> 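One structure is given below, represented as structure tokens, and several questions about it will come after.
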Amino acid sequence: KIKIEFFPEGGNFVSGVINTVAFKASYENGLPAPATGVIKNSRGEQVASFNEYHDGMGMFELTPATGEKYIAVTSGGQFVLPPATEKGIAFTVIPHPQGNFFEIQQQATDPAFVPAYMIGQMQHGVVFRQNFNAVKVSLQGVINTQHLRSGILQVTVFNKEGMPLAERLCFVNNNEYRQPVELLADTVDFSARGRNRFRIAMPDTVMGSISVSITDAAYDSLSSREENILTTLLLTSDIKGYVHVPAYYFLANNDSVKTATDLLMMTNGWRRFKWAELVKQPMPVFSNPAYITLAGKTTLKGTNRPFSDKTVLLMISSMGAKKSRSTHMLSTDKDGNFLIDSLVFFDRNRLLFSDVRGKKSQYIEVMLKGDSLNKQFGWAGFSPAPGKMFPSLNTSMWQMDYDAILKENGIMLKSITIKVQKKTPLEQVEERYTSGLFNGDANRTIDLVNSDEATPYNNIFDYLQYRVNGLQVASDGAEYALYYRQGASMSSMGNIAMTIFLDEIETDASMLATIPANQVALVKVHQSFAGATGNAPGGVLSVYTKKAEDYSGGGIFANMAFYQGYSVVKEFYEPDYKLQKTKDKPDNRITLGWRPGIFINNINPRIPVSFYNNDRTKKFKVVVQGMTTSGKLISFEKIISGKEQ
């Protein structure tokens, strides 16, 4: 079935004056439908006709009579037009070389519906105000938008009491946002696994970031993408409803595209929001969350007394595959509160807070508050574009690829029985916590995941000096040093202290002393260690803190917390056939190249892009998108085929 909706321009269908009425025809799935018909009054007389102009949208003019009802008659059925009102104004806006021409028609009999001024706003900011001093039946003028940035302009007409009488959306397209881009093909090779070299060229001085993708054009159901960075930032994100092929409205700047864009503004943008509701409450002010922001309160351990006006050391240690550590100095206020922003770290991390006042150091507890990265935001859920779940074109090609992947994975054999020896609990703990050289044999290994004997001790040193023979712990207030199996030394350097590793990251004994013993999962003691400088002549102590799943009962001490940072960025895999000569298996990649973050800062930059072809592609689709620091947008796509060579 086809549905047709009617939108009187400006929001009111006013009797006695000429009204422009836009319409939008769509199928039940939301996709545009053709529409042709006539408008009849209650006596069955034809008063107007209409035809679709673009994607089910069009417009017609009608002067409604007072008290009259109108219907649209089409081959798909009859549709009722909105009822006409005796009060109000008819607001008409049409494209003009300088921007938009407007006309206001009114019945000046009621002072409440006399226009007093007109306001234009973009992105909730006022860009112009025009006062109307004379009360006339018709007001005309030009809204000059040549000096404005491109985007959606909302024009609203008010009376002298500030009540909105009519409103209209217009699209401003001054093309100032476009950054010119050119693709220079230095080497194009469509042979199997051939090397290709392109350059992306831009004029002038450019500073910004772009992404580049190269795909097999044969697997794309469309010659050009329906959405891109231009359509999202300048159009679809600022209006309601489904927009069919938004890229069309940026293809050209001719009259036909301008008219189609204006129809889109009259239908999708009709009555976008109510001014009366905006007056009641102030517009929220956007605050930059500054990447990861951590805030909290520090107190002295076991008390509610704030750790006020002090310096706190924060050590952030990655618990992922790539080990890293960073330290930050925090300052607390009189209530023990602290805040640090602009942090960037990835994967799961351990946050360790400690006092750094030497002999005056005290044990502290930290209560973290909500941060910028982990705030909760409401989301209505994902809704795919109507009728566009999967492209019908090239379905057989996708199925062939899927079958090839299944064959590549091999054939399932009949069930096999494998007998293995079960690992001990200690071996299981070592497998989960250690890696590389740390996974080897040690003089002493202590499993504290399956034992709670370290729980009564404040720190791991208090526990270890009674459990590891030959281990000496020397302390001077908060300063610690460890020695392993060393007697009196005749060396001028004295005894050599042990090298300390915390979660396989080298640290110092004083830092390790701040960790309560019940947070330690595994301890390994080496008399010498190849992974340390000079094989660690003083020995090595490796300490591993517990993972979240290994905590039981009492939870975690407040001076340590676990934090999930940004997702780890994985590099796109591209084979290097310069090094890999043998064809051990077929290469059927659809995405041949993907550079998601190329930074530009140069005069007339030429960005090189190289990639290897797969075994079958004969057409490359190159897409470049990005933004400069001055706000210009980069959107470029091109299909390169063998016919062009």
Side-chain angles (χ1 to χ4, degrees), residues 30-32 54-55 122-123 149-152 169 171-184 198 200-203 206 208-254 256-258 260-265 268-269 382-391 393-394 572 590-600 605 607 609 619-641:
L31 294 178
H54 176 75
D55 279 348
M122 301 182 74
Q123 296 296 327
R149 289 191 175 273
S150 299
I152 293 178
L169 295 191
F171 188 73
V172 179
N173 190 0
N174 290 326
N175 284 305
E176 88 292 343
Y177 54 86
R178 293 183 182 270
Q179 171 65 45
V181 179
E182 184 182 4
L183 182 68
L184 307 176
F198 297 162
I200 300 168
M202 301 181 195
V206 179
S209 176
I210 64 170
S211 64
V212 181
S213 72
I214 302 100
T215 57
D216 187 341
Y219 279 79
D220 202 329
S221 59
L222 301 170
S223 58
S224 62
R225 293 176 306 144
E226 296 181 351
E227 296 185 66
N228 53 49
I229 191 172
L230 304 181
T231 65
T232 301
L233 293 182
L234 298 178
L235 181 63
T236 57
S237 62
D238 207 21
I239 58 175
K240 293 182 178 180
Y242 168 67
V243 179
H244 188 65
V245 192
Y248 168 81
Y249 304 99
F250 293 85
L251 289 178
N253 205 25
N254 53 38
S256 60
V257 173
K258 287 182 178 179
T261 307
D262 209 41
L263 284 170
L264 183 67
M265 296 295 102
N268 285 56
F382 172 71
S383 178
K388 296 172 65 179
M389 284 296 291
F390 300 101
L393 189 63
N394 297 333
F572 178 77
I590 296 175
T591 302
L592 304 173
W594 168 236
R595 310 286 193 279
I598 300 177
F599 295 97
I600 311 167
I607 300 101
V609 177
K619 288 192 301 181
F620 301 138
K621 183 173 184 178
V622 182
V623 177
V624 182
Q625 289 198 142
M627 180 183 290
T628 69
T629 55
S630 62
K632 289 192 174 184
L633 302 177
I634 301 165
S635 182
F636 173 88
E637 55 184 285
K638 184 178 182 180
I639 293 179
I640 299 176
S641 62

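None of these values were measured; they are calculated from a predicted model. For the numbers below, each heavy atom of this structure counts, side chains included, while hydrogens, waters and symmetry mates do not.
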> Is a side-chain donor-acceptor pair under 3.5 Å present for N228 with R225?
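Note: R225 and N228 side chains miss the donor-acceptor criterion.
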> Decide yes or no for K632 and Y177: does some side-chain heavy atom of the first lie under 4.5 Å from some side-chain heavy atom of the second?
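K632 vs Y177: side chains apart.
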> To the nearest 0.5 Å, what is the distance between CZ (R178) and CG (L230)?
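Going from CZ on R178 over to CG on L230, the span is 5.5 Å.
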> Is N268 reaching over with its side chain to a backbone N or O of I239, donor-acceptor style, under 3.5 angstrom?
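It does not hold such a pair.
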> Could you state the interatomic distance from CG (L169) to CG (D262), rounded to the nearest 0.5 Å?
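So the gap between those two atoms works out to 10.0 Å.
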> Indicate the atoms forming the closest heavy-atom contact of P596 with S211, along with that distance.
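Between these two residues, the closest heavy atoms are O-CB, 3.5 Å.
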> Ignoring hydrogens, what is the shortest heavy-atom contact between A260 and Y248? Give both atom names and the distance.
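Minimum heavy-atom contact is CB-CE2, 3.8 Å.
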> Check whether more than 12 heavy atoms from other residues, nucleotides or ligands sit under 6.0 Å from atom CD of E176, and answer yes or no.
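Enclosed.
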> If I compare all heavy atoms of P180 with all of P203, which pair ends up nearest, and what's the gap?
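Reported closest heavy-atom pair: O-CD, 3.5 Å.
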> Report the distance from atom CZ of F620 to atom OG of S213, rounding to the nearest 0.5 Å.
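Answer rounded to 0.5 Å: 13.0 Å.
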> Can you check whether L31 reaches H244 side chain to side chain, under 4.5 Å on heavy atoms?
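Yes. Closest side-chain heavy atoms under 4.5 Å.
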> Check the pair D216 / K621 against side chain to side chain contact (heavy atoms under 4.5 Å, CB included), numbers first and verdict last.
CA-CA 6 Å; D216 187 341; K621 183 173 184 178; over 6 Å; no
> What's the shortest heavy-atom distance between I640 and F198, and which atoms?
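Looking at all heavy atoms of both residues, the closest pair is CD1-CZ, 3.7 Å.
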> Once ring-ring contact (aromatic ring centres under 6.0 Å, His included) is applied, do any residues pair with F636, and if so which ones, sequence neighbours excluded?
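Listed in chain order: nothing, the list is empty.
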> Where do M202 and Q179 land on the side chain to side chain contact (heavy atoms under 4.5 Å, CB included) test, with the steps shown first?
CA-CA 8 Å; M202 301 181 195; Q179 171 65 45; 4.0 Å; yes
> Test side chain to side chain contact (heavy atoms under 4.5 Å, CB included) on L235 and F250 and set out the steps.
CA-CA 10 Å; L235 181 63; F250 293 85; 4.0 Å; yes
> To the nearest 0.5 Å, how far apart are OG in S150 and CG in N173?
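S150 atom OG to N173 atom CG measures 5.0 Å (nearest 0.5 Å).
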> Could you grab the distance from atom OG of S209 to atom CD1 of I598, nearest 0.5 Å is fine?
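Rounded to the nearest 0.5 Å, the OG-CD1 separation comes to 8.0 Å.
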> Taking the side chain as every heavy atom from C-beta outward, state whether V623 and K638 have any atom pair closer than 4.5 Å.
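Contact flag for V623/K638 side chains = no.
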> Is any side-chain heavy atom of K258 less than 4.5 Å from a side-chain heavy atom of N253?
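Of all side-chain heavy-atom pairs linking N253 with K258, at least one is under 4.5 Å.
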> Between E227 and T236, do the side chains contain an N or O donor and an N or O acceptor separated by less than 3.5 Å?
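No pair is found: no donor N or O on one side chain lies under 3.5 Å from an acceptor on the other.
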> Go through the steps to decide whether I600 and I607 satisfy the test side chain to side chain contact (heavy atoms under 4.5 Å, CB included), and finish with yes or no.
CA-CA 8 Å; I600 311 167; I607 300 101; 4.0 Å; yes
> Checking S237 side chain against T232 main chain: does a donor-acceptor pair fall under 3.5 Å?
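Present.
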> Applying side-chain contact (heavy atoms from CB on, under 4.5 Å), name anything that partners L233, two or more places apart in sequence or on another chain.
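If we apply the side-chain contact (heavy atoms from CB on, under 4.5 Å) test to L233, skipping adjacent residues, the hits are I229, M627, L633.
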> Nearest 0.5 Å, please: how far is CD1 in I214 from CD1 in I590?
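Reported value, rounded in 0.5 Å steps: 15.0 Å.
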> Would the Y249 and H54 ring centres measure less than 6.0 Å apart?
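Ring centroids of Y249 and H54 are less than 6.0 Å from each other.
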